[in-house]
Visitor: 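Quick one: structure below, then a few questions.
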Amino acid sequence: MEIAKAYDPKQAEQSHYERWESSGFFTPEINEDPAAVKYSIVIPPPNVTGSLHMGHALQHTIMDVLTRWKRMQGFRTLWLPGTDHAGISVQRKVAEQLRKDEKKSPLDIGREEFVRRAWAWKEEYGNTITEQMRREGASVDWSRHRFTMDRELSTAVRNVFIRLYEEGWIYKGLRIVNWCPKDKTVLSDLEVKEETRKDGKLYYLRYPISGSPPYEGGVAPASGDGVVLSSSSESLSELNPDNAVENHPPAEAAGPLLRKEGRFLTVATTRPETMLGDTAVAVNPKDERYKDMIGKIIALPLTNREIPIVGDEYVDPEFGTGAVKVTPAHDPNDYQIGLRHDLEQLLVMNEDATMNAAAGTEFEDLDRFRAREKVVEMFEELGLLERVEDYEITLPVCERCKTVVEPILSDQWFVKMDEMRDMALDLIKKEGVPHFSPQVPHEKVYTAWLENLKDWTISRQLWWGHQIPAWYDEEGNVYVATTAEEAKEKSGGRELTQDQDVLDTWFSSGLWAFSTFGWTGDAESGRQGLSANSYQLSAISDRKADLGTFLPTDVLVTGRDIIFLWVSRMIMLTKKFVDKKAFEDVIVTGTVLGKDGKPMSKSRNNGVDPIEMFDKFGVDATRIYLASIATGADIKWNDIGVETYRNFANKIWNATRFCLLNSEGASVGSANLSLPDTLADRWIVSRLNKTAINVNNALSRYEFHTAVSLLYHFFWDDFCDWYIELKKDEINAGDIAASSRILSILEQALRLLHPFMPYLTEELWQKLPGTSNQLHNAAYSKAGQTIMLADFPKGDPAAIDERAESEMQSVIELITKVRNIRAEMNIKAGDMLSIHAAAGTEMQAVFTANEAQIKKLARADTLVLSETLDVPKASAKAVLTGGAELAVPLEGLIDFDKERERLQNQIAKLDVELQRLNGQLSNANFVEKAPEEKVQELRDRQAEIEQQTSTLNLNLKVLK
RNA sequence: GCCGUCUUAGCUCAGUGGUAGAGCACUCGCUUCACACGCGAUAGGUCACAAGUUCAAAUCUUGUAGACGGCACCA
């Protein structure tokens with residue numbers, strides 16, 4: 001068989017996926033065993049607007065490793081793929097396209113046409129990521145692919161909404177919400193991020209108190225008369241001298257005017273424009289400075305309104321001036337104050353964050369930031385601007401478009417979270433579900449977050465998404481129903497209009513764990529008004545059993561950024577609607593950072609495209625590199641890491657290439673593993689089984705990096721560096737038994753590697769003689785031959801041969817020490833040596849049995865074994881574990897100085913260890929308190945070192 | 001402000017009570033008949049710092065410093 005000298009990943013990547021998929025290997029139905037235990041994972045649905053990034057690649061790798069591993073073990077395995085409709089993102093893309101191509105806005109074409117175009121956009125561009133997943137080798141069941149706006153999933157969304165509404169868990173009401181003026185929609189708390197601005201300002205505004213008598217004299221009034229002018233400035237400066245930068249003329253300029261007007265109260269704000277919507281000023285009732293001002297009235301500048309001074313415990317006397325302007329319609333805390341004091345809620349902004357008519361004619365239609373400037377200017381002109389401080393401020397911004405979010409009073413839909421929160425808390429506290437990997441810190445963070453959970457804003461002012469199934473009559477009465485007809489029926493036949501809003505994308509994602517398995521809510525709820533016809537449409541007739549079969553799923557693999565946004569909601573909603581756990585375990589992956597150690601992002605331009613890595617190093621190399629990252633750990637991207645595994649792939653390729661040389665007549669078969677012959681055979685079989693056991697253990701603990709490391713070193717160090725080298729002559733001589741054995745070991749190794757490197761292993765497995773579906777796990781005996789259905793090696797503890805491993809260790813040590821002598825004494829690679837070894841009879845027997853291999857690998861022509869060494873002085877010597885000794889006569893070649901140095905180095909190294917051992921063993925506490933085993937271990941080691949040291953010293957003496 | 005994570009060889013990272021590990025880079029030597037994406041042999045670390053617990057600490061506890069993350073506040 002002709003095999004290329006180097007592995008070309010592209011060729012293998014193009015050859016297998018289509019066959020795997022079309023043969024149904026990815027579907028659970030491929031499993032013929034009726035008693036098979038299920039194993040299921042649902043994918044965190046990527047956005048239809050997205051393309052594959054490194055985070056996906058990492059998570060998909062983990063999910064595929066688990067899926068392939070379990071599938072090979074004979075589980076009825078399902079990894080269910082899908083995509084998310086990504087409300088705002090799609091809305092924005094479609095609107096952008098519309099503007100670019102036709103210079104139209106969504107409003108120009110209307111809702112129906114816009115939604116039609118959004119679907120068209122999704123059809124055209126929404127498959128990018130699914131195509132990329134095929135390249136990744138993801139063994140997902142495409143026949144079960146779901147989209148959050150599929151008919152069945154949309155039905156589920158409606159039914160969930162209706163039930164929550166009927167149970168009082170969903171309500172509509174006026175609340176302060178996060179408003180994005182650019183997207184013109186409300187956002188949930190989780191979609192708002194913080195941005196620190198160092199150039200923020202804190203404005204101190206003076207609010208005149210109406211009807212108060214002018215005070216006398218040109219200085220500030222005594223305490224009790226309010227915080228004014230210089231006195232307040234001074235006290236503030238004292239509090240925070242560094243920040244007290246006065247950018248504006250001091251108060252004196254405005255003094256005379258004010259003195260005529262009377263007393264005033266100074267408030268500090270970062271958002272002066274909101275003063276137009278102030279409906280009170282609040283002070284702490286316990287604050288001596290302001291106590292008697294409560295109840296007085298302020299003439300609010302720039303408006304002709306008068307607002308009261310109220311006393312409220314919320315106000316912190318220590319902060320700012322101790323007096324707070326209250327804008328109930330534009331600030332969540334002010335809103336609460338407003339409720340307590342029955343204050344007017346005056347909305348002064350439009351949905352695009354321009355000021356509205358209520359802000360006054362001078363401000364109407366001004367952008368909020370322009371309005372801010374104008375308010376400040378006008379205060380200054382009026383002499384009411386006390387001062388402006390530089391102030392570092394953290395602003396809420398829209399996580400997607402980075403626009404500053406405006407808190408605004410708005411009528412929205414909310415989900416009450418208290419009862420759902422309690423269900424989730426019960427699950428984690430009583431049952432430990434989900435189990436997080438790594439456990440710390442996610443379990444703690446998740447629990448703490450739940451405990452502080454607030455209600456969830458679910459309405460969004462978009463067109464792309466699940467329109468809220470609520471209808472209104474002319475009087476504003478609400479009818480929540482599945483269809484318009486049902487709503488009309490409920491209203492007694494009135495004319496209704498449907499709520500224009502859609503639901504938060506995460507609302508439908510929250511149902512993902514069960515809506516993907518065909519749950520629509522129809523059958524369970526037995527709702528009236530759903531015709532038999534509509535039920536049929538929403539049922540997935542042939543997959544009805546999926547929900548019962550695959551839920552709870554076994555594990556959820558996701559990033560820590562959506563634990564709250566998605567994971568928690570799935571747990572709660574799944575518990576609520578199906579009364580099941582959504583998943584047992586959650587693997588929280590770390591973040592793949594750019595080369596600069598910062599998260600990858602377009603703005604930083606530090607992103608690494610997985611597809612480019614696939615092209616450069618191959619899919620398999622990229623996958624196994626990603627799997628080699630410790631679970632949950634962040635990692636700086638490093639091409640060299642992938643290169644390492646590209647090299648590994650090539651190593652596997654070439655090892656296979658070697659095993660196939662001269663292999664005529666040989667064949668893969670497990671029988672070849674149970675009849676080991678030589679020491680090397682027993683050793684490699686032992687190593688293989690140990691590796692298989694450890695790999696299974698590591699995977700079951702989600703320690704993918706441990707599994708990768710075990711496989712890497714087994715394959716490269718044990719199999720390639722030693723076993724192949726030891727068996728080379730036999731293989732090259734065309735020994736069929738030896739060939740069959742090495743191919744069988746290789747075949748087992750390929751199976752172990754397959755979950756990580758699916759393409760390479762399939763490519764090679766198909767080339768091995770004797771591979772067929774006979775090697776499949778019993779659950780797949782009828783399927784066409786593929787390594788992906790081969791039985792995953794469990795590893796047999798009985799096949800572990802510690803004696804063989806230790807004997808082999810002696811052979812390896814002998815060879816290594818000879819090589820060391822060769823290298824350090826500058827003996828040419830081609831020169832043959834003569835090896836003399838003194839050892840006990842058992843070890844001699846081991847060396848004798850492996851004489852040919854030792855000679856070959858150490859490049860020696862003679863091996864002389866005896867009880868004691870009898871060699872010329874001109875020999876290089878070394879000691880071996882177990883009291884054995886080694887000498888290589890180097891007549892005419894030896895450099896005595898160098899040999900002395902070599903021996904002294906060895907003695908010095910041993911001496912360091914001996915000192916430590918002696919110290920420990922002479923410590924009575926240690927000998928008394930440490931476990932006996934440990935003490936004995938150190939004593940044995942001490943004896944070994946003493947023996948070796950004395951031998952080395954003797955050898956050194958001979959040289960002198 | 002609260003909570004958490006990280007700090008180990010030049011670089012990127014494993015290891016979490018009992019003699020410090022890997023890959024890459026470095027040094028030396030190899031056209032050894034699978035592989036130079038290779039083979040062989042070296043070198044390289046008071047495991048951030050300090051105190052404590054323990055016979056024993058890179059590993060557990062506390063504190064300090066630096067890096068990062070989450071949450072809250074932000075008049």
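The figures that follow rest on heavy atoms only: side chains count, while hydrogens, waters and symmetry mates do not. Small disclaimer: the values here were computed from a predicted structure and weren't measured.
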Visitor: Just wondering, more than 12 heavy atoms not from A:Gln915 lying within 6.0 Å of its CD?
Guide: yes
Visitor: Honestly, is A:Lys728 close enough over A:Phe658, meaning NZ or CZ under 6.0 Å from the six-membered ring centre and within 45° of the axis?
Guide: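 Cation-pi check for A:Lys728 and A:Phe658: passes.
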Visitor: Across the strands shown, which category fits A:Thr269 at heavy-atom distances under 4.0 angstrom: base, sugar-phosphate, nothing?
Guide: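 If one applies the 4.0 Å heavy-atom cut-off, A:Thr269 turns out to touch the sugar-phosphate alone, with no base involved.
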Visitor: Could you tell me how far apart A:Phe648 (CZ) and B:G38 (C1') are, to the nearest whole angstrom?
Guide: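 Roughly 15 Å, once rounded to whole Å.
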Visitor: Mind calculating the distance between OH (A:Tyr391) and P (B:C74) to the nearest angstrom?
Guide: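 Interatomic distance, OH of A:Tyr391 to P of B:C74: 9 Å.
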Visitor: Is the phosphate of B:A56 approached by A:Asn923 (side-chain N or O, under 4.0 Å from OP1 or OP2)?
Guide: no
Visitor: Look at A:Lys909 and B:A43 and indicate whether a side-chain polar atom (N or O) is within less than 4.0 Å of OP1 or OP2.
Guide: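 For B:A43, OP1/OP2 do have a side-chain N/O of A:Lys909 under 4.0 Å.
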Visitor: Please report the distance, rounded to the nearest Å, between CZ in A:Phe719 and P in B:A34.
Guide: 14 Å
Visitor: What verdict does the salt bridge (Lys or Arg N to Asp or Glu O under 4.0 Å) test give for A:Arg646 and A:Glu643, after you've listed the backbone C-alpha separation in whole Å, the side-chain angles of each residue and the deciding distance to 0.1 Å?
Guide: CA-CA 5 Å; A:Arg646 188 273 313 261; A:Glu643 207 179 319; 3.6 Å; yes
Visitor: Can you name the one residue among A:Leu753, A:Val695, A:Ile684 that meets side chain to side chain contact (heavy atoms under 4.5 Å, CB included) with A:Phe714?
Guide: A:Ile684
Visitor: What is the distance, rounded to the nearest whole Å, between atom CG of A:Asn650 and atom P of B:C39?
Guide: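 Spelled out: CG on A:Asn650 to P on B:C39 is 10 Å.
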Visitor: Quick one: does NZ or CZ of A:Arg387 land under 6.0 Å from the six-membered ring centre of A:Tyr204, within 45 degrees of the ring axis?
Guide: yes
Visitor: Map every base of RNA chain B to its dot-bracket character, where paired means a Watson-Crick or G-U wobble contact with both distances under 3.5 Å and | marks a partner outside the strand.
Guide: (((((((..((((....[..))))..((((.......))))......(((((..]....))))))))))))....
Visitor: Confirm from the modelled atom types if A:Arg646 and B:C37 form a donor-acceptor pair under 3.5 Å, side chain to base only.
Guide: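 Counting by modelled atom types and ignoring angles, a donor-acceptor contact under 3.5 Å is found here.
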Visitor: Remember a base hit wins even if backbone is also touched, and classify A:Arg819 as base, sugar-phosphate or nothing at under 4.0 Å, heavy atoms.
Guide: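 Sugar-phosphate, no base atom in range.
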Visitor: Judged by each residue's nearest nucleotide on RNA chain B, which is more toward the 5′ side, A:Ala323 or A:Lys5?
Guide: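 The residue closer to the strand's 5' end, by nearest nucleotide, is A:Lys5.
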Visitor: Identify the heavy atoms of A:Glu946 and A:Leu914 that sit nearest to each other, and give their distance.
Guide: CG-CD1, 4.0 Å
Visitor: Is a side-chain donor or acceptor of A:Asn452 paired with a backbone partner of A:Ala448 at a separation under 3.5 angstrom?
Guide: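 Yes, the answer is positive, given that a donor and an acceptor are paired below the 3.5 Å cut-off.
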Visitor: Strictly below 4.0 Å: does A:Tyr314 bring a side-chain N or O up to OP1 or OP2 of B:C74?
Guide: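 Yes, because at least one side-chain N or O of A:Tyr314 sits under 4.0 Å from OP1 or OP2 of B:C74.
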Visitor: Taking atom types as they are modelled, is there a donor-acceptor pair under 3.5 Å from the base of B:A14 to the side chain of A:Glu703?
Guide: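 Not at all, since no donor on one side and acceptor on the other fall under 3.5 Å apart.
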Visitor: For A:Cys720, report the nucleic acid contact type (base, sugar-phosphate, nothing); a contact means any heavy atom under 4.0 Å.
Guide: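 The residue A:Cys720 makes base contact.
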Visitor: How long is the line joining NZ of A:Lys856 and P of B:G40, in whole Å?
Guide: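 Atom-to-atom, A:Lys856 to B:G40, this comes out as 13 Å.
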Visitor: What interatomic distance, in whole Å, is found between C1' of B:G15 and the corresponding atom of B:U8?
Guide: 9 Å
Visitor: Give a yes or no on whether a salt bridge exists between A:Arg941 and A:Glu944, defined as a side-chain N under 4.0 angstrom from a carboxylate O.
Guide: no
Visitor: With a 4.0 Å cut-off on heavy atoms, is A:Leu202 in touch with a base, just the backbone sugar-phosphate, or nothing at all?
Guide: sugar-phosphate
Visitor: Under 4.0 Å, counting only non-hydrogen atoms across every strand here, what does A:Glu725 touch: a base, just sugar-phosphate, or nothing?
Guide: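 Here A:Glu725 touches the bases of the nucleic acid.
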Visitor: Is the shortest side-chain N/O distance from A:Lys651 to OP1 or OP2 of B:C39 below 4.0 Å?
Guide: yes
Visitor: Using a heavy-atom cut-off of under 4.0 Å over every strand shown, decide if A:Leu917 touches base, sugar-phosphate, or nothing.
Guide: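 No contact.
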Visitor: Going through the distances and angles, do A:Arg859 and A:Asp831 end up as a salt bridge (Lys or Arg N to Asp or Glu O under 4.0 Å)?
Guide: CA-CA 8 Å; A:Arg859 311 207 123 234; A:Asp831 288 354; over 6 Å; no
Visitor: Touch check for A:Asn333, heavy atoms < 4.0 angstrom, all strands: base, sugar-phosphate only, or nothing?
Guide: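 Touches sugar-phosphate only.
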Visitor: Taking any heavy-atom pair under 4.0 Å as a contact, classify A:Val326: base, sugar-phosphate, or nothing.
Guide: nothing
Visitor: Do any side-chain nitrogens or oxygens of A:Lys728 fall under 4.0 Å of OP1 or OP2 in B:A34?
Guide: yes
Visitor: If you look at every strand shown and take non-hydrogen atoms under 4.0 Å, does A:Ala630 touch a base, only sugar-phosphate, or nothing?
Guide: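 If one applies the 4.0 Å heavy-atom cut-off, A:Ala630 turns out to touch the sugar-phosphate alone, with no base involved.
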Visitor: Looking across every strand, which nucleic acid part, if any, lies under 4.0 Å from A:Asn826 by heavy atom: base, sugar-phosphate, or nothing?
Guide: nothing
Visitor: What's A:Ala633 touching, base or sugar-phosphate or nothing? Going by heavy atoms closer than 4.0 Å.
Guide: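 Sugar-phosphate, backbone atoms only, no base.
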Visitor: Rounded to whole angstrom units, what separation is found between the CZ atom of A:Arg902 and the C1' atom of B:A41?
Guide: 12 Å
Visitor: Looking at every strand, decide which applies to A:Ser709 at a 4.0 Å heavy-atom threshold: base, sugar-phosphate, or nothing.
Guide: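 Nothing, no nucleic acid heavy atom in range.
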Visitor: Could you list, one pair per line, each protein nitrogen or oxygen that sits under 3.5 Å from a nitrogen or oxygen of nucleotides 17-27 of chain B, together with the distance?
Guide:
from	atom 1	to	atom 2	distance (Å)
B:G18	O2'	A:Lys934	NZ	3.3
B:U19	O2'	A:Arg916	NH2	2.6
B:U19	O2	A:Glu913	OE1	3.3
B:U19	O2	A:Glu913	OE2	2.5
B:U19	N3	A:Glu913	OE2	3.3
B:G23	O2'	A:Thr644	OG1	2.4

Visitor: Does a sphere of radius 6.0 Å around CD in A:Glu932 hold more than 12 heavy atoms from other residues, nucleotides or ligands, not counting ones at 6.0 Å or beyond?
Guide: no
Visitor: Counting any heavy atom closer than 4.0 Å, what does A:Glu194 reach on the DNA or RNA strands: base, sugar-phosphate only, or nothing?
Guide: base
Visitor: Could I get a table of every N or O pair under 3.5 Å where one atom is in the protein and the other is in nucleotides 2-7 of chain B?
Guide:
from	atom 1	to	atom 2	distance (Å)
B:G4	OP1	A:Lys444	NZ	2.8

Visitor: Could you measure between the two P atoms, the one in B:G40 and the one in B:G63, and give it in whole Å?
Guide: 49 Å
Visitor: Does NZ belonging to A:Lys193 count more than 12 external heavy atoms closer than 6.0 Å?
Guide: yes
Visitor: Once you measure the plane-to-plane angle for A:Phe719 and A:Tyr723, does it fall in the parallel (<30°), tilted (30-60°) or perpendicular (>60°) bin?
Guide: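 Judged by the thresholds at 30° and 60°, the geometry between A:Phe719 and A:Tyr723 is parallel.
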Visitor: Under 30°, 30 to 60°, or over 60°: which ring-plane class applies to A:Tyr702 and A:Phe704, parallel, tilted or perpendicular?
Guide: parallel
Visitor: Check for me whether the distance between the ring centres of A:Phe617 and A:Tyr645 falls short of 6.0 Å.
Guide: no
Visitor: Run the numbers on A:Phe648 and A:Trp653 for ring pair (Phe, Tyr, Trp, His ring centres under 6.0 Å), then give the verdict.
Guide: CA-CA 9 Å; A:Phe648 183 46; A:Trp653 177 267; over 10 Å; no
Visitor: Can you check the A:Phe715 CZ to B:C35 P distance for me, whole Å?
Guide: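 Going from CZ in A:Phe715 over to P in B:C35 covers 15 Å.
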Visitor: May I ask you to say what A:Thr816 touches in the nucleic acid, namely base, sugar-phosphate or nothing, with a heavy-atom cut-off under 4.0 Å?
Guide: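 Sugar-phosphate only.
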Visitor: Does A:Glu824 or A:Ser628 map to a spot on RNA chain B nearer the 5' end, using the closest nucleotide for each?
Guide: A:Ser628
Visitor: Of the listed nucleotides (B:A34, B:A41, B:C74), which one gets closest to any side-chain atom of A:Asn654?
Guide: B:A34
